[in-house]
Participant: 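Take a look at this one; I'll ask things after.
The basis for the numbers below is simple: all heavy atoms, side chains too, and nothing from hydrogens, waters or symmetry mates. Residue indices begin at 1 and follow the sequence shown. The shown structure was predicted, so the numbers you read here are calculated from the model rather than taken from an experiment. Both ligands and their constituent atoms are indexed starting at 1 by order of listing.
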Amino acid sequence: MEIALLGNPNTGKTSLFNHLTGSYEYVGNWSGVTVEKKVGQFKNKKDLLIDLPGIYTVSPLSKDEAVVSHFFLHDHADRLLNILDASQLKRNLHLTIQILEYGKPVVIGLNMMDVAKNRGIEVDVNKLSAYMGVPVVPIIARSGEGCDELAQTITSQQYSYSEKNLIYYGREIEEAVLKLENLLPHSITLSCRWLSLQFLEGNQSIKSYLLNFIEVDVLNNLVLELEEKLKDERNAKSIDQYIYNKRSEFIHKVLVGSIVNSNDQKVTFTDKVDRMVTNQFLGIPIFLLLL
Ligand code: GDP
Ligand code: MG
C-alpha cells in the first residue's frame, strides 16, 4: 500500500516519518517543482510512506499546496495519514476536513500530546475519533511514543472506511454540489463531492481538471448563481468564506465535545456557555446546569 503523510507545517511530519520508516528511503523532487519528495518504507517492509509538503489548505496558493493538489488529482495513495498538532486543533482541523472529504481511508495521528498536556489541554481521543469518523492515535513524534500503534492502525488489513458527508453546507451549496456531481462522468474515480467543494471554494487546480468534463461557461455560471444566492439569502461575502465558516462551526462543535479539560480560562468559560446554550435548546433550564 501507498500511504500519504499530510498535515500543516511544523506538526511533526518529518519526526513521524523518521519513526515510521526504516532505512530505505527515496529522496527527490516532485515533478516540475523544487519541492522535496521523500518516500520511505514502513518497518513491516511492505507498505510505503510518502511525505507531502506541509500545507494549511488544499487550494494551491503556494508551491507546496500545488504539489498536494496535483497529488490528490493524479496520484492514487491507498490511505492517508493526517498528522495533527493536539495543541493547535482549531487551526489544524480545516485541512483534516478537506482530507476526509477526499473520501479515502484516513487515520489521524494526534501529535504533540506532551505539548497539549503541558498547556493543560486534554483531548478525549475517542470522542474526537467519533466526530471525525476515523481512527485517532495519540502520539509524541519527537520521542516515538505511540508511533508503533499508529503504524499498526494505518497498515492494518482490517481497516474499512465508509464515506459519509461530514458537514452539511446548507441548501445553496449542497444544491450546487449536486448539480456538479450530475455533470461529471461516472468514470471518475475521485470523490465528486470533494471535487465540487474544492472547485466551489476556488481551487484553481480542480477547476482546470473539471474543464476536461464541463464547459467553462457552465462552471462560471454555476459559481455566479451560487454567489448571488449566498449574498442575498445568507448575507455571505463569498463562497469560500461561507464554506470556511461552515467548517469553523463544525470544528467548534468538535472541540467543545472532545476537549475534556483546558486550563485556558477563556476557552473553558466560553465552552461552558456554549454547552449551556445547546442544553437550553434541548429544554434543560440553565439554572440546573449551574448547580
Ligand atoms: P514538520 O514541519 O511537520 O515536518 O515538523 P517536524 O518533524 O520538523 O517538527 C517540528 C518541530 O516540532 C521539531 O522541533 C520537532 O522536534 C518538534 N516535535 C515534533 N513532534 C513533537 C512532539 O510530539 N512533541 C514535542 N514537544 N515536539 C515535537
Ligand atoms: Mg518537515
Side-chain angles (χ1 to χ4, degrees), residues 2-30 33-43 48-72 75 77 79-100 102 106-125 128-129 132 135-154 258-264:
E2 291 197 348
I3 296 161
L5 179 57
L6 287 151
N8 285 182
N10 286 315
T11 47
K13 280 186 309 304
T14 300
S15 314
L16 178 62
F17 185 91
N18 293 338
H19 276 291
L20 293 182
T21 58
S23 50
Y24 166 80
E25 218 177 83
Y26 158 83
V27 182
N29 276 343
W30 290 95
V33 281
T34 52
V35 176
E36 188 187 74
K37 177 181 185 177
K38 267 199 316 188
V39 180
Q41 198 171 39
F42 272 88
K43 289 173 185 160
L48 291 179
L49 187 63
I50 304 157
D51 191 23
L52 283 158
I55 53 162
Y56 290 106
T57 177
V58 178
S59 267
L61 303 169
S62 69
K63 202 159 64 170
D64 286 354
E65 283 154 0
V67 165
V68 177
S69 263
H70 188 274
F71 180 85
F72 271 136
D75 294 86
R79 291 178 185 179
L80 307 175
L81 175 52
N82 178 208
I83 180 166
L84 296 182
D85 177 344
S87 70
Q88 302 277 353
L89 282 179
K90 193 173 168 185
R91 183 169 64 181
N92 281 203
L93 284 170
H94 278 275
L95 178 65
T96 304
I97 290 168
Q98 297 177 56
I99 291 172
L100 290 170
Y102 186 62
V106 175
V107 171
I108 291 175
L110 190 60
N111 194 31
M112 308 269 183
M113 289 303 282
D114 56 331
V115 180
K117 193 175 171 206
N118 287 340
R119 292 201 192 148
I121 303 166
E122 199 188 315
V123 185
D124 184 325
V125 175
L128 182 62
S129 166
M132 307 314 282
V136 176
V137 182
I139 57 168
I140 301 174
R142 181 182 266 175
S143 66
E145 210 174 305
C147 291
D148 287 345
E149 287 89 332
L150 180 57
Q152 219 157 40
T153 308
I154 188 86
S258 56
I259 294 197
V260 203
N261 178 23
S262 168
N263 280 346
D264 182 341

Participant: Could you tell me, atom by atom, which parts of ligand 1 come under 4.0 Å of a heavy atom of Ser15?
Facilitator: 6 (P), 7 (O), 9 (O), 15 (C), 19 (C)
Participant: Hey, does the side chain of Asn92 reach the backbone of Asp85 with a donor-acceptor pair shorter than 3.5 angstrom?
Facilitator: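 A pair under 3.5 Å: yes.
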Participant: Measure the distance from atom 14 (O) of ligand 1 to every protein heavy atom, then report the residue, atom name and distance (to 0.1 Å) of the closest one.
Facilitator: Arg142 NH2, 3.9 Å
Participant: Check for a donor-acceptor pair, side chain of Lys43 on one end and backbone N or O of His19 on the other, with a separation under 3.5 Å.
Facilitator: yes
Participant: Would you compute the distance between atom CD1 of Ile121 and atom CE of Met113 and round it to the nearest 0.5 angstrom?
Facilitator: 10.0 Å
Participant: Quick one: does atom 25 (C) of ligand 1 have a protein heavy atom under 4.0 Å from it?
Facilitator: yes
Participant: For atom 8 (O) of ligand 1, what's the nearest protein heavy atom and its distance?
Facilitator: Thr14 CB, 4.0 Å
Participant: Within a distance under 4.0 Å of any heavy atom of Val115, pick out the atoms of ligand 1 and give their elements.
Facilitator: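 That gives atoms 25 (C), 26 (N) of ligand 1.
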Participant: Under 4.0 Å, heavy-atom basis, I'd like to know which part of Ile140 is in contact with ligand 1: side chain, backbone, both or neither.
Facilitator: both
Participant: Going by the angle between their ring planes, with limits at 30° and 60°, are Tyr102 and Phe72 parallel, tilted or perpendicular?
Facilitator: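 Tilted, since the angle between the ring planes falls between 30° and 60°.
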Participant: Distance check, rounded to the nearest 0.5 Å: Thr21 atom OG1 versus Ile50 atom CD1?
Facilitator: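 CD1 of Ile50 is found 12.5 Å from OG1 of Thr21.
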Participant: Is it the case that the side chains of Asn111 and Thr11 hold a donor-acceptor pair, with the cut-off being a distance below 3.5 Å and no angle test?
Facilitator: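 Not at all, the side chains of Thr11 and Asn111 share no donor-acceptor pair under 3.5 Å.
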Participant: Does atom 22 (C) of ligand 1 have any protein heavy atom closer than 4.0 Å?
Facilitator: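 So atom 22 (C) of ligand 1 has protein heavy-atom neighbours under 4.0 Å.
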Participant: If I apply the N/O under 3.5 Å rule, does Ala141 come out as touching ligand 1?
Facilitator: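 Yes; the residue has a nitrogen or oxygen that sits under 3.5 Å from a nitrogen or oxygen of the ligand.
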Participant: Do Asp124 side-chain atoms and Ile259 backbone N/O form a donor-acceptor pair below 3.5 Å?
Facilitator: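 Checked: no pair found.
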Participant: For atom 5 (O) of ligand 1, what is the closest protein heavy atom, and at what distance to 0.1 Å?
Facilitator: Gly12 N, 3.0 Å
Participant: Would Val107 and Ile3 count as a side-chain contact (heavy atoms from CB on, under 4.5 Å) if you check the C-alpha gap in whole Å, the side-chain angles of each, and the deciding distance to 0.1 Å?
Facilitator: CA-CA 10 Å; Val107 171; Ile3 296 161; over 6 Å; no
Participant: Check whether Ser129 reaches the backbone of Val125 with its side chain - one donor and one acceptor, N or O, closer than 3.5 Å.
Facilitator: no
Participant: Measure Asn10 to ligand 1 on non-hydrogen atoms and call it side chain, backbone, both or neither using the 4.0 Å cut-off.
Facilitator: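 For Asn10, backbone and side-chain atoms both sit under 4.0 Å from ligand 1.
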Participant: Show me which atoms of ligand 1 lie under 4.0 Å from any heavy atom of Met112.
Facilitator: 12 (O), 18 (N), 19 (C), 20 (N), 21 (C), 22 (C), 23 (O), 24 (N), 25 (C), 27 (N), 28 (C)
Participant: Which atoms of ligand 1 are found less than 4.0 Å from any heavy atom of Lys13?
Facilitator: 1 (P), 3 (O), 4 (O), 5 (O), 7 (O)
Participant: For Thr11, which part has a heavy atom under 4.0 Å from ligand 1: side chain, backbone, both, or neither?
Facilitator: both
Participant: Nearest protein heavy-atom contact for atom 20 (N) of ligand 1: which residue, which atom, what distance?
Facilitator: Asn111 ND2, 3.1 Å
Participant: Nearest 0.5 Å, what's the CD-CZ distance between Gln88 and Arg119?
Facilitator: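 So the CD of Gln88 and the CZ of Arg119 are separated by 6.0 Å.
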Participant: Is the Mg ion (ligand 2) less than 2.8 Å from an N/O/S atom of Thr14, whether that atom is in the backbone or a side chain?
Facilitator: yes
